[in-house]
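This structure is a prediction, so every number in the text was calculated from the model and none was measured.
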Amino acid sequence: MVMNSEKLIFVTNDDGYQSKGFAAAIEVARKFGRVVAVAPERAQSGMSQAITMYNPVYLKKVRDEEGVEVYSLSGTPVDCAKMAFDYLFEGRIPDLVISGINHGSNAAVNVLYSGTMGAAIEGSFYGCPSVGLSVTSHDPDADFTAAVHYGEQIIRSVVEGGVPTPLCLNVNVPDIPFEEVRGVKVCRQTRGYWREEFYSRQDPHNRQYFWLTGGFCNAEPDAEDTDEWALAHGYVSVVPVQVDMTDYAKMDALNTVLKH
């Protein structure tokens, strides 16, 4: 791949290269420079940081025009990021990573499950600003007007404002009409958890199978500084994400008990 001095923007997602949100993310990225996009050939939601280790992956160019190259990959979102950074870019680190625009919220604990955020976090490992963009709608034909507008606004402010890198942002946009969005809130991740339910069925061969469903339990519904609160009240939530999962508050207690 031949590169020039133009800014290089990498785009990926977890809904697949044919999703409407992916096309919207590419349009946002084009405002900032040359775009190279790699997305899974099929939906890979919930893959988090998963990588493909025991099977080959297949890369296919599906679009090539002035300023935009798009590829599909038979792997996970993080596979897509690794393929771009370690193969397509030939050692060059892009100026920006955009992952999304995801169909469905990645607020609260969803950030740990999300393939969209997995790819954004992977991009931040290479030292460039990375932004995961999501809309709180699973509709394949969701309205991305607000996500495109605020996504571009947030990215431009961060890039031009000189926020230190590595940087990874988890941006979620409420599924409401553009004119009803009340603005942007920088907030923290909501404490909460998922409680799953499994629906059991029998296939034609009399084998039992299951469908997974469930609901999110907000452990702090009245806290006004969280992403879930912001989204519920019409704001775009912006959460800076870090990967150090050390529970520093427990270290002194552990040191005390483990000395005995």
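When each of Ile9, Leu8, Ile93 is checked for a side-chain contact (heavy atoms from CB on, under 4.5 Å) with Cys128, only Ile93 meets the rule. Only one option out of Asp227, Asn218, Asn110 pairs with Thr190 in a side-chain hydrogen bond (donor to acceptor under 3.5 Å, both in side chains); it is Asp227.
Val131 and Val236 fall within the same hydrophobic cluster, where Ile, Leu, Val, Met, Phe, Trp and Tyr residues are linked whenever their side-chain heavy atoms come under 4.5 Å apart, directly or through other members. Placement of Ile155 and Val135 within a single hydrophobic cluster is found when ILVMFWY residues are connected by side-chain heavy-atom separations under 4.5 Å, directly or transitively. Residue Val241 is not grouped with residue Trp229 when hydrophobic side chains (ILVMFWY) are merged at heavy-atom distances under 4.5 angstrom, including chains of intermediate members. Placement of Val78 and Ile98 in two distinct hydrophobic clusters is found when ILVMFWY residues are connected by side-chain heavy-atom separations under 4.5 Å, directly or transitively. Put simply, Phe125 and Met117 are part of the same group of oily side chains (I, L, V, M, F, W, Y) that touch within less than 4.5 Å, one to the next.
Residues Ser237 and Cys187 meet the side-chain proximity criterion, which asks for heavy atoms closer than 4.5 Å. Between Arg30 and Phe32 the shortest side-chain heavy-atom distance does not fall below 4.5 Å.
A cation-pi geometry, defined here as NZ or CZ lying under 6.0 Å from the six-membered ring centre and within 45° of its normal, holds between Lys185 and Tyr235.
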task = Give the intermediate values and the outcome of side chain to side chain donor-acceptor pair (under 3.5 Å) for residues Asn102 and Ser114.
result = CA-CA 9 Å; Asn102 187 65; Ser114 167; 5.5 Å; no
query = Would Asp203 and Arg207 satisfy salt bridge (charged side-chain N to carboxylate O under 4.0 Å, His left out), going step by step from the backbone distance to the final call?
reply = CA-CA 5 Å; Asp203 73 9; Arg207 296 173 301 186; 2.8 Å; yes
inquiry  = Applying side-chain contact (heavy atoms from CB on, under 4.5 Å) to His103 and Ser137, what does each step give before you reach the verdict?
reply    = CA-CA 6 Å; His103 295 250; Ser137 169; over 6 Å; no
task = Using the side chain to side chain donor-acceptor pair (under 3.5 Å) rule, take Asp86 and Tyr126 through it: C-alpha gap first, then chi angles, then the decisive distance, then the call.
result = CA-CA 10 Å; Asp86 298 327; Tyr126 290 82; 2.9 Å; yes
key: Glu65/Arg63 under side-chain contact (heavy atoms from CB on, under 4.5 Å): CA gap, chis, key distance, verdict   = CA-CA 7 Å; Glu65 61 186 61; Arg63 177 180 169 191; 3.0 Å; yes
message = Could you walk me through whether Ser200 and Gln208 satisfy the side chain to side chain donor-acceptor pair (under 3.5 Å) test, starting with their C-alpha distance in whole Å, then the side-chain angles of each, then the deciding distance to 0.1 Å, before giving a yes or no?
response = CA-CA 7 Å; Ser200 174; Gln208 187 179 28; 2.7 Å; yes
message = Set out, in order, the CA-CA distance, both residues' side-chain angles and the distance that settles side chain to side chain donor-acceptor pair (under 3.5 Å) for Ser99 and Asn13, then state yes or no.
response = CA-CA 5 Å; Ser99 187; Asn13 78 345; over 6 Å; no
key: Check against side-chain contact (heavy atoms from CB on, under 4.5 Å), Arg188 and Val239   = CA-CA 6 Å; Arg188 64 176 175 86; Val239 178; 5.6 Å; no
task = Give the intermediate values and the outcome of side-chain contact (heavy atoms from CB on, under 4.5 Å) for residues Phe216 and Tyr193.
result = CA-CA 6 Å; Phe216 176 71; Tyr193 50 89; 5.7 Å; no
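In terms of modelled atom types and a separation under 3.5 Å, the side chain of Glu152 and the main chain of Val28 share no donor-acceptor contact. A donor-acceptor contact shorter than 3.5 Å is absent between the side chain of Lys61 and the backbone of Glu69. Counting only distance, with no hydrogens or angles, the side chain of Thr246 and the backbone of Tyr248 share no donor-acceptor pair below 3.5 Å. In this structure a side-chain-to-backbone donor-acceptor pair under 3.5 Å is missing from Asn255 to Asp252. In this structure, the side chain of Ser48 does not engage the main chain of Tyr113 through any donor-acceptor pair within 3.5 Å. With hydrogens and angles disregarded, no donor-acceptor distance shorter than 3.5 Å links the side chain of Asp15 to the backbone of Ser45.
No hydrogens or angles considered: nothing links the side chains of Thr136 and Asp175 as a donor-acceptor pair under 3.5 Å. For the residue pair Thr52 / Asn55, no side-chain donor-acceptor distance below 3.5 Å is found, with atom types taken as modelled.
Pairs passing the ring-ring contact (aromatic ring centres under 6.0 Å, His included) check and including a residue from residues 145-184, sequence neighbours excluded, read His149-Phe178. Listed by first then second residue, pairs satisfying ring-ring contact (aromatic ring centres under 6.0 Å, His included) with a partner in residues 34-69 number zero, not counting sequence neighbours.
In this structure, Glu122 CD and Cys80 SG are separated by 11.0 Å, a value rounded to the nearest 0.5 Å. Residue Leu88 holds its CG atom at 7.0 Å from CE of Met83, rounded to the nearest 0.5 Å. Rounding to the nearest 0.5 angstrom, the gap separating the CG atom in Leu73 from the NZ atom in Lys82 is 12.5 Å.
Taking both residues in full, the closest heavy atoms of Ser130 and Ala120 are given as CB-O, 3.1 Å, listed atom of the first, atom of the second, then distance.
Here Phe22 and Tyr17 keep their ring centres 6.0 angstrom or further from each other. Residues Phe10 and Phe85 place their aromatic rings such that the two centres sit under 6.0 Å apart.
Atom OH of Tyr209 is surrounded by more than 12 heavy atoms from other residues, nucleotides or ligands within 6.0 Å. Annotation: Arg42, atom CZ; neighbour count of heavy atoms from other residues, nucleotides and ligands within 6.0 Å does not exceed 12.
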